[in-house]
**Student:** 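Before anything else, here's the structure in question.
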Amino acid sequence: MIALLQRDLALSVRAGGGFGLALVFFLIVVTLTPFAVGPDSAILAGIAAGILWIGALLSCLLSLDRILALDYEDGSLELLATAPIPLEAVASVKALAHWLTTGLPLTLVAPVLGVLLNLPGPGYFWLTLSLAIGTPALSVIGTFGAALTVGLKRGGLLLSLIVLPLYVPTLIFGAEVARRGAAGMAPTTPLALLAGITLATIALLPFASAAAIRINLR
Amino acid sequence: MSLWEYANPRRFMALSGAVLPWVSVGAIAALVIGLGWGFFLTPDDFRQGSTVKIIYIHVPSAMVAINAWLMMLVTSLVWLIRRHHVSALAAKAAAPIGATMTLIALITGAIWGQPMWGTWWAWDPRLTSFLILFLFYLGYMALWAAIDNPDTAAELTSVLCIVGSVFAILSRYALVFWNQGLHQGASLSMDAEENVADVFYWPLLVSIAGFVGLFVMLVLIRTRTEVRSRRLKALLQRERMA
Amino acid sequence: MIPDLGKYAVAVVSAYGVTIALILVLIGVSLRQSIRTRQALREVENARMSKEVTPDTKKETELHG
């Protein structure tokens with residue numbers, strides 16, 4: 001399993017693997033926002049937490065179809081399915097690799113981009129924390145979506161359509177934590193709920209992902 | 001004689017063919033009576049004026065929208081556990097109906113909200129969860145449409161339906177939380193049941209029966225179409241192989 | 001005939017109009033698909049029947065109608 005993780009990480013960091021693309025996309029979203037809503041720093045401060053969450057979510061979405069598509073095309077997914085480790089573990093490792101190359105860098109970059117959007121002082125800590133807790137759920141849910149659409153030739157857009165409604169609870173609680181934190185209110189309740197959703201998805205969704213992969217390989 | 005007998009396509013076709021005319025006549029009669037009664041014969045509400053008449057389409061369509069998803073969940077589970085093809089096809093057949101009903105509920109809600117709340121749309125948990133339900137329907141139908149192999153499509157959409165149901169419920173509670181977090185106590189959502197007097201109650205009941213009947217009728221028609229098209233595909237396949 | 005709907009007439013009538021239109025479209029699409037599949041199936045089955053009438057296919061055709 002560790003070997004699989006190392007392989008996936010190496011593949012995504014290599015040229016064309018998509019690593020860094022998500023970060024650049026995140027930067028672009030944040031850059032474009034003031035052009036769209038105007039440079040008023042009070043307005044930007046109000047929506048900064050939400051924009052950063054939306055940006056992170058969309059950047060995460062970009063690289064989802066790479067989680068499984070390449071392995072499906074060259075047949076290594078079938079090898080993994082017959083390997084001694086269970087497919088549920090494979091799905092979990094894939095999600096972990098996706099998070100390490102997408103969710104984690106996005107979380108680390110978000111506070112820097114927060115400066116551009118005039119994020120209020122107390123918001124930085126809560127934004128980073130909420131992204132750190134929330135983005136694993138995005139990766140796990142995304143892996144499920146990728147598993148559903150892996151057999152399709154052009155599944156990218158369909159993948160987004162399927163995954164985005166599933167992101168709603170994570171986004172609501174994650175952005176709520178960041179917003180309350182930025183506004184100086186107590187964010188512990190949404191934080192607990194966000195952590196609950198993340199833990200539940202990590203615990204349960206790999207089973208659904210593995211089931212979907214099995215169906216697609218049959 | 002158990003319920004599972006009807007999972008056999010041939011038995012299903014025979015039974016549904018026999019039942020369909022009755023269901024159709026009953027559904028359309030109930031729909032015409034319920035909506036006609038509601039539109040022409042009920043008095044105006046003293047607060048809402050004549051917009052109260054929208055309730056006869058809004059409430060039944062919303063009920064069917066939710067229960068259609070519930071039915072898809074049950075049929076998906078039946079397909080995954082007991083492998084009855086008709087069950088999977090019934091889930092596929094129900095999705096466009098549910099989506100249409102969700103759309104009707106959203107549109108009539110917006111039309112009602114404009115004069116009553118002064119806005120077409122508010123990010124109230126109830127409205128928002130219906131919008132998300134609509135997105136779920138779209139994703140589900142898109143997945144069905146995208147996959148060529150019908151058995152694979154049936155299984156993957158079933159998995160999506162089950163996972164989607166969990167997330168739909170989660171979203172519903174998240175939205176209630178989210179809305180309260182935004183504007184405390186500002187309850188835009190008028191509960192339909194709380195201000196329904198007897199004059200409005202009976203036509204509403206008939207309308208609900210009409211919408212449910214319409215749903216059953218359409219599910220039967222569409223499932224029969226799906227069964228036939230599956231058979232058609234199988235025959236063509238055999239032809240090509242021969 | 002049409003009841004007095006007061007100042008909300010446009011809202012009420014448009015709500016009913018949109019709903020009825022959507023339902024009719026849904027019924028129309030469902031029926032059209034149903035008729036088309038039924039015809040296509042019948043054609044294929046008739047073609048098979050004329051080629052070889054085996055008891056098996058005959059029974060299937062009768063039952064599927």
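So you know, we letter chains A, B, ... as the sequences are listed, proteins then strands, and number each from 1.
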**Student:** Would you mind checking which part of B/Leu35 comes under 4.5 Å of any heavy atom in chain C, side chain (CB onward), backbone (N, CA, C, O), both or neither?
**Tutor:**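 It is both, since atoms from each part get that close.
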
**Student:** CZ/C/Arg38 to CZ/B/Arg224 distance, rounded to the nearest 0.5 angstrom?
**Tutor:**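 Rounded to the nearest 0.5 Å, the CZ-CZ separation comes out at 6.5 Å.
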
**Student:** Nearest 0.5 angstrom please: B/Arg228 CZ to C/Gln33 CD, how far?
**Tutor:**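 Atom-to-atom, B/Arg228:CZ and C/Gln33:CD are 13.0 Å apart.
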
**Student:** Which region of B/Phe215, side chain (C-beta onward) or backbone (N, CA, C, O), has a non-hydrogen atom less than 4.5 Å from a non-hydrogen atom of chain C, or is it both or neither?
**Tutor:**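 Nothing of B/Phe215, per the 4.5 Å heavy-atom cut-off to chain C.
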
**Student:** Can you check side-chain contact (heavy atoms from CB on, under 4.5 Å) on B/Ile57 and C/Val18, steps first, answer last?
**Tutor:** CA-CA 10 Å; B/Ile57 39 187; C/Val18 167; over 6 Å; no

**Student:** Determine whether C/Thr19 and B/Ile54 satisfy the following criterion, side-chain contact (heavy atoms from CB on, under 4.5 Å), listing intermediate values before the conclusion.
**Tutor:** CA-CA 10 Å; C/Thr19 306; B/Ile54 296 177; over 6 Å; no

**Student:** Please name the pair of heavy atoms, one in C/Leu26 and one in B/Pro96, separated by the smallest distance, quoted to 0.1 Å.
**Tutor:**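 Answer, listing the atom of C/Leu26 first, then B/Pro96: CD1-O, 4.3 Å.
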
**Student:** What residue, out of C/Ile20, C/Ile35, C/Ile23, C/Leu31, has the most heavy-atom pairs lying under 4.5 Å from chain B?
**Tutor:**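 Winner by heavy-atom pair count: C/Ile23.
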
**Student:** Does the pair C/Ile27 and B/Met217 meet the rule for a side-chain contact (heavy atoms from CB on, under 4.5 Å), with working shown?
**Tutor:** CA-CA 9 Å; C/Ile27 294 179; B/Met217 166 186 126; 4.1 Å; yes

**Student:** Give me the atom names and distance for the closest heavy-atom approach of B/Ile111 to C/Ala11.
**Tutor:**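 It is CG2-O, 3.2 Å.
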
**Student:** Taking all heavy atoms of B/Ile221 and all of C/Ser34, pick out the closest pair and write down the distance.
**Tutor:**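 Shortest heavy-atom contact: CG2-CB, 4.0 Å.
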
**Student:** Distance from C/Glu43 atom CD to B/Leu232 atom CG, nearest 0.5 Å?
**Tutor:**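 Taking CD in C/Glu43 and CG in B/Leu232, the distance rounds to 9.5 Å.
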
**Student:** Testing the basics here: between C/Ser30 and B/Leu218, what is the closest heavy-atom pair and its distance to 0.1 Å?
**Tutor:**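 Closest approach of C/Ser30 to B/Leu218: OG-CD2, 3.7 Å.
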
